[in-house]
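Per chain, numbering begins at 1; letters A, B, ... match sequence-line order.
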Amino acid sequence: MTPTDILMPELTDQAENGVVTAWMVDEGGHCDSGQLVAEVQAIKVDDQIYAPHAGTVVDRVGINVGVATGEPICRIIPD
Amino acid sequence: MTTTTERKLTIQKAIAEAIGLEMESDDSVFAMGEDIGVYGGIFGATEGLLDRFGPERIMDTPISETGFIGAAVGAAVNGLRPIAELMFVDFFGVCMDQIYNNMAKIHYFSGGNIKVPMVLMTAAGGGYSDAGQHSQTLWGTFAHLPGMKVVVPATAYDAKGLMTAAIRDDNPVLYIFHKGVLGLGWMTNNPRATGPVPADAYEVPIGKASIARTGEDLTIVTVGLSVHRALDAAETLDDEGISAEVIDLRSLVPLDREGILASVGKTGRLMVVDEDYHSYGMSGEVITTVVEGAWGALTRPPVRVTTPDIPIPYSRPLEQWALPSVDRIVAAAEQLASA
């Protein structure tokens, strides 16, 4: 399987960027399928990002760094 | 290759997880409060629970704190284990008769025959310009009044374990969480608000402080968000050659006096950091505990870094000046450690 890019979702049509407010898995850490990986937010709209499959979380963006909707916030390399 | 799955939660999610697990294992546990159901609690402490347990056990209430806290007291004396959420601790004024004359005293009034196994959960703390009726901590006010335990978590692990212990406790427990440690995106982000949390239910004993950081030169006793301020200050002090021990009380009632005395017995210097008001509060109680129990160990007069006896200002610069900032803790520690 190829790695999956996890993208910043469109949280609201009022903002073009979102931020990650908390990472639940460290850089290089392992996650299970369906596990909470990150919390994201734009203005005061927030959402949770769950892992689509198990794997290793890499290329995490920084906390509170603006990321455009549709751009990756991390990548999950399958087991 | 072995892969160990990490599992971290924010404090907000750790609280919700503790409540969900106890509701799964004990049908008598339920929750009620303003906006705790559909909205999930304005600070997310009951997020996702309505979908799992339905509106009979996750109850949105009208804006009548005295009504629903009174209903929780009634349910508790009849054998249920309610969790009532008072949205902001600052709102206690409209419901104090239920909290203090009923929740805290019925066990005594009944000669010990009636138990009140309820949790009153509430949000506290400032730092985000919410003004003087949404920013107080007030834990000292409740700790002053006999009859209830008062719990204040500072980490995600403790938040879950203390909530589990509070729900299972046959005494009324006031569970106060500081808004600044919940891991909420719209608050000042505190990276320590997210931490490893086991998936299963577990208890953290109420009444036992934890040593958040070991040190030799001085003891900083604190609670809630100020644990993290003190840990930040301790890192700065470490660079200056001052080794600070940080004691996270985790509960004001019961107060772990032995844990405080043991630490001051080692360091000989005491600082109390409390976001609550300066006078007649936790800082005075902790200092008195040491003066009464370890006078001979003190090598310097104790100091305290607190919020002055003024309403919490709305103005961001004034509020930041009033709260026990890392800079104020560092400055006070430098003085305490000198000579």
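Atom CD in B:E47 sits 5.0 Å away from atom CD in A:Q48 (nearest 0.5 Å). How far NZ of B:K13 is from CD of A:E39: 3.5 Å, rounded to the nearest 0.5 Å. Note that CG of A:D32 is 10.5 Å distant from CZ of B:R7, once rounded to the nearest 0.5 Å.
Heavy-atom contacts from other residues, nucleotides or ligands closer than 6.0 Å to OH of B:Y314 number 12 or fewer. Other residues, nucleotides and ligands contribute at most 12 non-hydrogen atoms within 6.0 Å of the CD1 atom of B:I63. For B:Q320, the CD atom counts as densely surrounded, since its 6.0 Å shell holds more than 12 non-hydrogen atoms of other residues, nucleotides or ligands.
Contacts of B:T10 with chain A are made by both backbone and side-chain atoms, with heavy-atom separations under 4.5 Å.
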